[in-house]
Amino acid sequence: MSNTAIVSKARAMYGRRLTQSDWEALLACSSVAEAAAYLKSSTAYGSVLNGINESSIHRGELEDLLHQRLMQETLRLSRYDLGIGEHTANYLLGQIEVDQILHAAIRINSHQETDLTPPNPYLNSHTRFDQRLVDQAATFEQLLEAVQGTHYYKVLLPFRTAEGGMQNYTGLEHALLMDLYTQLYKVIGKESHGTERNALHEMFDDMADLQNYARIIRLKSYYHVTDSQLRACLLPFGKLPKAKLEQMIAADTPAQATAVMATTRLGKRAFQLPYDLPGDLVLQVRYRECHRNIFFSSESSVVMLSYIFLMQTELNGLINLIEGLRYGVSKAEIKRLLNPYEFG
């Protein structure tokens, strides 16, 4: 398929996103069942929700089906392009896998019960490990066994203690994100050129810079870490000037680090957007950049990745809404969680 045809296809698919009136209707729902019924009957999510009984669907099952639709859409789109496009599904898959491993690591560390909900068969058939084994791992040793045979085993192994437990969750999270970003930048370097490569770097450099800023604030706010420990937790990607990054690392307080970020090109742009926590800025900036790319970029890979990120944002919003309904969160708080969507 030609570059122009792929761009048109992605734009048409984006046209099926949830509208403002859909979000308002979903916010008016009083239960997960009502939200599931609306998604099934009135939106493009009906394609994966067609066979469900909305009156008895479990929150986790609904979320799995919504993830399934995003994976199906990504695979469908990526088949049209043999450059970066064919790797986009792998990137999305990697994100799903990393999230699942980190979720299991948190659960094991906090001694919570294992997740006995059956994995989504569609997603399980695409991931590189058996999701059931990861969800049911009760110890770090069992988590290692669950990912044995995949490259994640090597990433996780250094975090095993002599007693078979897990150490340094922050380090583990960093190692998994490093692995994901490294694979991504390799693909960009190998498969893209010229304007396309520059546009892709801009997308991911901004994300890496904002993630590093958010991590500096988080570690300074909640942990007593040395400058060298903090430096080791940052992603070695992005375009923030090294001097600015070092000033943020050396800052005595989170407020001082934020003041330094505000003097950078990205900071000046990002801090104009509404946010509650530094981590929200990644979502806010990415949403706006991708929305602009969908309509104004002529590079198929840029439009495809932008489409996927926008759909991920929509999915995150839906999951926040569903969990808010499940746990009786106030409508005002659910609206706040629907970042970056705006309500009057």
Side-chain angles (χ1 to χ4, degrees), residues 1-15 17 70-98 126 128 151 155 174-213 234-242 244-245 264-270 281-313:
M1 187 177 278
S2 71
N3 192 60
T4 305
I6 296 168
V7 169
S8 299
K9 182 83 179 165
R11 285 174 182 158
M13 290 166 71
Y14 184 55
R17 66 188 180 280
L70 178 59
M71 194 71 204
Q72 286 173 332
E73 294 271 286
T74 303
L75 282 169
R76 202 170 128 210
L77 201 50
S78 62
R79 285 194 195 104
Y80 296 127
D81 183 71
L82 299 179
I84 293 286
E86 66 176 335
H87 298 281
T88 53
N90 280 336
Y91 174 69
L92 179 62
L93 190 62
Q95 283 190 323
I96 292 171
E97 291 170 340
V98 166
H126 286 84
R128 284 162 280 208
H151 75 286
V155 178
H174 176 70
L176 285 166
L177 284 178
M178 271 288 294
D179 176 65
L180 192 62
Y181 266 91
T182 301
Q183 300 297 329
L184 176 71
Y185 274 92
K186 270 186 190 172
V187 170
I188 293 174
K190 187 177 174 187
E191 304 289 348
S192 66
H193 306 278
T195 308
E196 179 189 33
R197 181 182 292 179
N198 291 338
L200 291 169
H201 268 291
E202 186 178 350
M203 285 175 71
F204 290 103
D205 285 346
D206 283 355
M207 283 170 56
D209 284 334
L210 288 169
Q211 282 185 331
N212 279 340
Y213 162 68
L234 302 182
L235 297 167
F237 306 106
K239 279 192 174 173
L240 277 181
K242 191 174 177 189
K244 296 286 184 185
L245 206 53
T264 65
R265 176 193 62 79
L266 178 59
K268 287 174 186 171
R269 184 157 50 98
L281 290 171
V282 179
L283 205 60
Q284 286 281 8
V285 170
R286 193 179 74 178
Y287 176 79
R288 282 159 177 78
E289 285 185 358
C290 291
H291 190 73
R292 183 194 64 204
N293 288 336
I294 280 275
F295 295 107
F296 297 107
S297 176
S298 58
E299 300 292 345
S300 59
S301 59
V302 174
V303 173
M304 284 173 65
L305 278 166
S306 294
Y307 169 77
I308 291 166
F309 284 143
L310 288 167
M311 289 299 97
Q312 278 185 322
T313 303

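Each residue takes its place number in the sequence, starting with 1. Heavy-atom basis, side chains included; hydrogens, waters and symmetry copies ignored.
Using a 4.5 Å heavy-atom cutoff, the side chains of S298 and V7 are not in contact. With a 4.5 Å cut-off on side-chain heavy atoms, I96 and M71 count as touching.
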F237/T182 under side chain to side chain contact (heavy atoms under 4.5 Å, CB included): CA gap, chis, key distance, verdict: CA-CA 9 Å; F237 306 106; T182 301; 3.8 Å; yes
Residue pair V187, Y91: steps toward the side chain to side chain contact (heavy atoms under 4.5 Å, CB included) verdict: CA-CA 10 Å; V187 170; Y91 174 69; over 6 Å; no
Side chain to side chain contact (heavy atoms under 4.5 Å, CB included) between Y14 and M311, intermediate numbers included: CA-CA 8 Å; Y14 184 55; M311 289 299 97; 3.8 Å; yes
S192 and E299: CA distance, side-chain angles, deciding distance, side chain to side chain contact (heavy atoms under 4.5 Å, CB included) verdict: CA-CA 10 Å; S192 66; E299 300 292 345; over 6 Å; no
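A10 and V303 get closest at one heavy-atom pair: CB-CG1, 3.6 Å. In terms of heavy-atom proximity, M203 sits nearest to S306 at CE-OG, 3.9 Å. Minimum heavy-atom separation, M304 to I6: SD-CG2, 3.8 Å. Residue G189 comes nearest to R197 through the heavy atom pair O-NH2, 2.7 Å, listed as atom of the first residue, atom of the second, then distance. Taking each heavy atom of A270 and V285 in turn, the nearest pair found is CB-CG2, 3.8 Å. Contact detail for G238 and D209: the closest heavy-atom pair is CA-OD1, 3.2 Å.
Under the 30°/60° scheme for interplanar angles, the aromatic rings of Y185 and Y181 are found to lie parallel.
Separation of atoms CG (N293) and OH (Y307) is listed at 15.5 Å; rounding is to 0.5 Å. H291 NE2 to F296 CZ: the interatomic distance, rounded to the nearest 0.5 Å, is 8.5 Å. Rounding to the nearest 0.5 Å places CG of L281 at 11.0 Å from CZ of R269. Atom CG of L92 and atom NE2 of H126 lie 10.5 Å apart (nearest 0.5 Å). Atom-to-atom distance recorded for I294:CD1 and R11:CZ is 7.5 Å, nearest 0.5 angstrom. How far CG of L310 is from CE of M13: 12.0 Å, rounded to the nearest 0.5 Å.
The salt bridge (charged side-chain N to carboxylate O under 4.0 Å, His left out) test applied to E73 returns R16, R69, R76, not counting sequence neighbours.
Remark: side-chain polar atoms of E97 are paired, donor with acceptor, to backbone N or O of R128 under 3.5 angstrom.
Under 4.0 Å is where a charged nitrogen must lie from a carboxylate oxygen, and between K186 and E191 no such pair does. Ion pair K239/D206 not flagged as a salt bridge, since none of the NZ, NE, NH1 or NH2 atoms sits closer than 4.0 Å to an Asp/Glu carboxylate oxygen.
The side chain to side chain contact (heavy atoms under 4.5 Å, CB included) test with F204 is passed by exactly one of E202, M207, H201: M207.
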